[in-house]
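Let me begin by presenting the structure, written as structure tokens, before commenting on it.
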There are 2 protein chains.
Amino acid sequence: MSNDTTGSRTAASAPRRIRTDARRNVEALLDAAKTVFGTSGVDAPAKEITDLAGLGVGTLYRHFPQRSDLIKAVIEREIDACADAAPALAAEHKPDIALARWLERLAAFVATKRGFAAALHSGDPAFDGLSGYLMEKLGPALGSLLDAATAAGEIRAVVSSQDLLYAVAKLCAPLPGEEPDHGRRMVALLVDGLRSVDIQP
Amino acid sequence: MSNDTTGSRTAASAPRRIRTDARRNVEALLDAAKTVFGTSGVDAPAKEITDLAGLGVGTLYRHFPQRSDLIKAVIEREIDACADAAPALAAEHKPDIALARWLERLAAFVATKRGFAAALHSGDPAFDGLSGYLMEKLGPALGSLLDAATAAGEIRAVVSSQDLLYAVAKLCAPLPGEEPDHGRRMVALLVDGLRSVDIQP
DNA sequence: TATAGTTCCGGAAAGAGATTCCGCTTCTCC
DNA sequence: GGAGAAGCGGAATCTCTTTCCGGAACTATA
């Protein structure tokens with residue numbers, strides 16, 4: 001198994017450009033998978049995805065040898081979208097407002113994407129890198145917002161951005177039968193805990 | 001637990017008592033499943049479970065037609081054990097201490113049982129009843145402890161026992177790569193939020 | 001544009017595991 | 001102790017996953 005799959009940098013031995021049809025097919029598969037995961041869950045038969053994408057099973061397995069590879073790719077796409085939303089918010093609002101808005105955006109993402117929570121909690125080692133990816137992509141944005149609020153003395157410096165990120169990711173994962181705003185209220189409570197500067201840790 | 005109608009067959013169609021060997025086999029299957037789930041995850045092959053239990057696959061499917069039935073049964077057993085631990089704690093400690101201890105017990109349960117979080121977040125409708133079972137069994141115990149603390153004015157009355165139960169269940173579910181005490185710290189922060197009686201909701 | 005050299009695709013086929021089915025065994029009740 | 005119901009085992013079947021390779025499609029070069 002090759003150990004270099006980043007592909008972000010052109011090596012000395014120029015690797016051939018990825019064929020355009022292959023790239024197109026990968027996109028089609030990701031789109032189809034996102035749709036099918038949403039309707040039939042992440043355990044949907046592979047054929048359902050390939051049929052929707054108009055491709056053969058072989059193609060699916062060529063690009064995503066493991067099912068977890070496909071799931072990861074779909075989720076990482078969503079995480080990217082969430083991360084991309086951060087700069088705009090930061091530019092348009094004051095830090096504390098931007099933080100709140102962005103946390104709402106994150107909460108919405110986690111709450112909507114069932115497959116995300118499922119993958120995260122599956123215990124499958126294949127998804128071990130996922131929380132790392134979440135941290136890597138979303139950590140910096142949240143970190144800067146958090147630092148600004150802390151510097152202003154509005155928040156106790158008892159949590160890292162990683163703490164908060166994980167806590168939101170967990171709290172906002174939907175549970176069957178619970179009130180829809182449960183996650184949001186619990187996050188608010190958590191932030192109240194951060195604000196209570198008079199309580200000693 | 002189910003009450004049985006020993007001897008007094010007053011109903012029209014007398015429900016025959018469950019055969020003792022069948023009951024014994026169900027117990028053996030649950031024990032085996034608990035072990036196998038712990039080592040190989042909840043997606044372990046059925047044969048691994050039946051081999052450990054010393055039974056045939058047919059017997060497994062007779063008692064648990066769906067895999068989710070088996071998983072649910074195992075988890076409900078664990079929840080029962082957690083609920084059973086509450087009265088003893090309540091009898092031995094003051095309410096606030098008992099609350100803390102019991103939350104620790106709950107956190108330990110959630111943190112240890114990977115399959116629990118996975119099932120809860122799977123999105124599979126088969127597990128929809130699970131959080132209800134959790135609430136039904138653990139809600140009353142937590143509720144009384146919470147009421148006592150609220151009555152003493154130590155805690156804002158902004159959360160129900162259901163809120164707290166779900167929040168703990170979510171926060172303490174382990175995520176790959178996170179610090180082991182993350183859940184515990186976040187729960188502590190949540191409780192700080194509850195204690196901050198000077199903050200208006 | 002034609003050609004050679006790759007890469008990639010499709011879907012049949014093999015493999016792995018889940019689920020069913022039914023003859024036989026074990027238990028319960030009278 | 002015997003009749004009859006309940007339960008058991010595991011081979012057979014079914015479903016979905018994963019592999020494999022002949023041929024199609026694409027890219028680079030002239």
Item to complete: Grab the CZ-P distance between B/R23 and D/dC8 for me, whole Å please.
Response: 12 Å
Discussion item. Nearest to the side chain of B/Y61, heavy atoms from C-beta on, is which of D/dT17, C/dC8, C/dA18?
Written reply: C/dA18
Item to complete: Let me know the distance between CD of B/E48 and P of C/dA18, rounded to the nearest Å.
Response: 10 Å
Discussion item. Whole angstroms only, please: what is the CZ-P distance between A/F64 and C/dC9?
Written reply: 11 Å
Practice prompt. Kindly determine whether B/L142 and B/L106 satisfy side-chain contact (heavy atoms from CB on, under 4.5 Å), including the steps that lead there.
Written response: CA-CA 10 Å; B/L142 178 56; B/L106 175 62; 5.7 Å; no
Discussion item. Tell me whether the side-chain N/O atoms of A/H63 come closer than 4.0 Å to OP1 or OP2 in C/dC9.
Written reply: yes
Discussion item. With a cut-off of less than 4.0 Å, is there a side-chain N or O of A/T59 near OP1 or OP2 of C/dG10?
Written reply: yes
Discussion item. Is the phosphate of C/dT28 approached by B/T20 (side-chain N or O, under 4.0 Å from OP1 or OP2)?
Written reply: yes
Worksheet item: Between A/S161 and A/M135, is a side-chain contact (heavy atoms from CB on, under 4.5 Å) present by the stated rule, with each step listed?
Response: CA-CA 9 Å; A/S161 61; A/M135 193 58 222; 3.6 Å; yes
Discussion item. I'd like to know if A/R77 and A/D31 make a salt bridge, using a cut-off of under 4.0 Å between side-chain N and carboxylate O.
Written reply: yes
Worksheet item: Can you tell me if the side-chain N/O atoms of A/R17 get under 4.0 Å from OP1 or OP2 in D/dT27?
Response: no
Fill in: Nearest-Å distance for atom pair CD1/P, residues B/I49 and C/dT19
12 Å
Item to complete: Could you please spell out the steps behind the side-chain hydrogen bond (donor to acceptor under 3.5 Å, both in side chains) verdict for B/E178 and A/S131?
Response: CA-CA 8 Å; B/E178 99 186 339; A/S131 56; over 6 Å; no
Worksheet item: Closer than 4.0 Å, any side-chain N/O of A/R62 to the OP1 or OP2 of C/dC8?
Response: yes
Discussion item. So, OP1 or OP2 of C/dC8: does either fall under 4.0 Å of a side-chain N or O from A/N25?
Written reply: no
Item to complete: Would you kindly give the CG-to-P distance between A/L60 and C/dG11, to the nearest whole Å?
Response: 14 Å
Discussion item. From the set D/dG7, C/dC9, D/dC16, return the single nucleotide nearest to any side-chain atom of A/P45.
Written reply: D/dC16
Discussion item. Which nucleotide wins on minimum distance to the side chain of A/A46, given the candidates D/dT17, C/dT26, C/dC9?
Written reply: D/dT17
Discussion item. How many whole angstroms separate atom CZ of B/R67 from atom C1' of D/dT15?
Written reply: 15 Å
Item to complete: Compare the minimum distances between each of D/dG7, C/dT20, C/dC9 and the side chain of B/V57, then state the nucleotide with the smallest one.
Response: C/dT20
Worksheet entry | Closest-nucleotide 5' rank along DNA chain C - winner of A/D21 and B/P65 | A/D21
Item to complete: Could you give me the CA-CA distance, side-chain angles and deciding distance for A/I75 and A/Y133, then say whether side-chain contact (heavy atoms from CB on, under 4.5 Å) is met?
Response: CA-CA 10 Å; A/I75 292 176; A/Y133 189 87; over 6 Å; no
Practice prompt. Rounded to the nearest angstrom, tell me the gap between atom NZ in B/K47 and atom C1' in D/dA11.
Written response: 13 Å
Item to complete: Write down the distance between CG (A/L55) and P (D/dA24), rounded to a whole number of angstrom.
Response: 18 Å
Discussion item. Nearest heavy atom decides the nucleotide; on that basis, is A/A44 or A/G58 closer to the 5' end of DNA chain D?
Written reply: A/A44
